Amino acid sequence: MDSNVAARLPLFGGPRAWNPSDWTSTDDRVRGGSSHSKMTCSPASLVAKFSGYLDISTLGGAGFASQRTTGEDRTWDLSAYDGLELDITSGNGKLFTITLTDEAVRKRPDGRQESAMSWEYDFRASDEPEKVFVRWGDFRPTYRGKEVEDARPLDLGGVKRFGLMVRSFFGTQEGEFYLNIVSIAALRFTYESDDGDHPEDEKDYVIVEEKPIRSSDASTTRGWMSWVGKCLGLV
């Protein structure tokens, strides 16, 4: 069954120039860690670079670094699309995570953020260019850093925040990281058949069906996600 891109909504990059004011860092330094990240981009650049250093020594094997979109009053309507396209030029082999949130995240009096449901997808970026297409159903719902079973669906008509993250998974990765991205866009496909099923692979895209974390690591992953939730102020 063949498919074609019927519509593309540029979100960041592409014809919509990268804007450094769209992004801000949220690293493990909020919990006493030493990791740091930055988003290097400009309206004149065709590629944005998410980079930094993932430290696991300060917090005993844990660590994360992330960039998220700014502006609590921003909303993206993605309800007419099938998923997200990440056009990646290169990475240094680290496992990265893209996140979506459909709730405005408020701050407590102490400056920490209140809890909010988020949806996550992990992908690995090598030194080769590739386009990764992520269906909405492949995002994992999480709350307070833990994966949620039987969660409500993501409100695609009211996405409030995008994020990019790299984390240690309790010491399985550390050190310098970088991810060079041409664009992030929402895509809608048309299909030749009328049965409503989506093909396993879209032409020219890499669709990762399996989770990068082994099922035997589930308990460790849940513990790690809970720790990240605390560091992000989601507890």
Side-chain angles (χ1 to χ4, degrees), residues 12 18-42 47-72 86 88-101 105 107-108 110-116 118-127 132 139-140 142-147 161-181 184 211-214 217 219-235:
F12 307 98
W18 288 97
N19 187 341
S21 65
D22 281 339
W23 301 90
T24 187
S25 61
T26 304
D27 304 324
D28 61 22
R29 288 180 290 179
V30 298
R31 301 291 289 188
S34 301
S35 301
H36 57 85
S37 69
K38 62 181 178 179
M39 183 73 85
T40 306
C41 58
S42 73
V47 178
K49 185 175 185 178
F50 170 49
S51 63
Y53 190 87
L54 183 61
D55 175 83
I56 65 171
S57 60
T58 306
L59 297 174
F64 76 92
S66 69
Q67 291 281 316
R68 62 172 179 82
T69 50
T70 57
E72 301 304 329
L86 287 79
I88 300 168
T89 61
S90 62
N92 66 336
K94 290 288 194 294
L95 190 64
F96 295 89
T97 303
I98 183 168
T99 66
L100 301 176
T101 303
V105 182
K107 287 189 176 181
R108 299 173 177 175
D110 62 4
R112 295 176 62 187
Q113 295 179 339
E114 293 183 351
S115 302
S118 64
W119 282 257
E120 301 184 355
Y121 182 82
D122 300 324
F123 63 96
R124 193 175 298 279
S126 68
D127 59 357
V132 179
F139 282 90
R140 304 188 313 274
T142 65
Y143 182 71
R144 293 184 175 179
K146 297 181 179 180
E147 190 166 350
R161 177 181 291 182
F162 292 82
L164 289 169
M165 177 186 291
V166 61
R167 48 195 176 195
S168 71
F169 292 105
F170 286 113
T172 60
Q173 59 181 10
E174 62 177 310
E176 293 184 359
F177 66 88
Y178 69 84
L179 176 68
N180 293 316
I181 314 174
I184 299 175
K211 293 182 180 180
I213 305 302
R214 301 188 305 272
D217 296 333
S219 60
T220 299
T221 302
R222 284 194 297 269
W224 160 253
M225 294 177 68
S226 178
W227 183 87
V228 170
K230 292 179 181 179
C231 289
L232 290 173
L234 301 182
V235 293

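Given the structure is predicted, the values throughout are model-derived calculations rather than measurements. The analysis underlying the following values was restricted to heavy atoms, covering all of them including side chains, and did not include hydrogens, waters or symmetry mates.
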Q. Under the side-chain hydrogen bond (donor to acceptor under 3.5 Å, both in side chains) criterion, do T69 and D22 qualify, and how do the steps go?
A. CA-CA 5 Å; T69 50; D22 281 339; over 6 Å; no
Q) Do you know which two heavy atoms are closest between W18 and C41, and how far apart they sit? A) CB-CB, 3.5 Å
Q. Given the rule in the side-chain contact (heavy atoms from CB on, under 4.5 Å) test, do L164 and I181 qualify, once you have shown the distances and angles that lead to the verdict?
A. CA-CA 11 Å; L164 289 169; I181 314 174; 3.6 Å; yes
Q) How close do F123 and I88 get, heavy atom to heavy atom, and via which atoms? A) CE1-CD1, 3.7 Å
Q) For S35 and D27, does a side-chain donor sit closer than 3.5 Å to a side-chain acceptor? A) no
Q: Test F12 against W23 for ring pair (Phe, Tyr, Trp, His ring centres under 6.0 Å), laying out the working first.
A: CA-CA 11 Å; F12 307 98; W23 301 90; 5.0 Å; yes
Q: Would you give the length of the straight line joining atom OG1 of T24 to atom CE of M39, rounded to the nearest 0.5 angstrom?
A: 10.5 Å
Q) What's the shortest heavy-atom distance between K49 and Y178, and which atoms? A) CE-CB, 3.7 Å
Q: Specify the closest pair of heavy atoms between V166 and Q173, including all atoms of both residues, with the distance to one decimal.
A: CG2-NE2, 3.7 Å
Q: Decide whether S37 and Q67 meet the rule of one side-chain donor and one side-chain acceptor closer than 3.5 Å.
A: yes
(Q) Can you tell me how the ring of F177 sits relative to the ring of F96, calling it parallel under 30°, perpendicular over 60° and tilted otherwise? (A) perpendicular
**Q.** Side-chain heavy atoms of S51 within contact of K38, under 4.5 Å
**A.** yes
Q. Can you tell me how far NE2 of H36 sits from OG of S66, rounded to the nearest 0.5 angstrom?
A. 13.5 Å
Q. If only atom types and distance count, is the side chain of S90 paired as donor or acceptor with the main-chain N or O of N180 below 3.5 Å?
A. no
**Q.** Nearest heavy atoms of R140 and D122, plus distance in Å
**A.** NH1-OD2, 3.1 Å
Q. Can you check whether A65's main-chain N or O pairs, donor with acceptor, with S25's side chain at less than 3.5 Å?
A. no
Q. If you round to the nearest 0.5 Å, how far is CD of E176 from CG of L54?
A. 11.0 Å
Q. F162 and L100: side-chain contact (heavy atoms from CB on, under 4.5 Å), yes or no, with the steps?
A. CA-CA 5 Å; F162 292 82; L100 301 176; 3.2 Å; yes
Q | Where I56 and S168 come nearest, the two heavy atoms and their spacing | A | CG2-CB, 3.4 Å
Q | Under 3.5 Å side-chain donor-acceptor pair for S118 and T101 | A | no
Q: Could you tell me whether K94 atom NZ has more than 12 heavy atoms of other residues or ligands within 6.0 Å of it?
A: yes
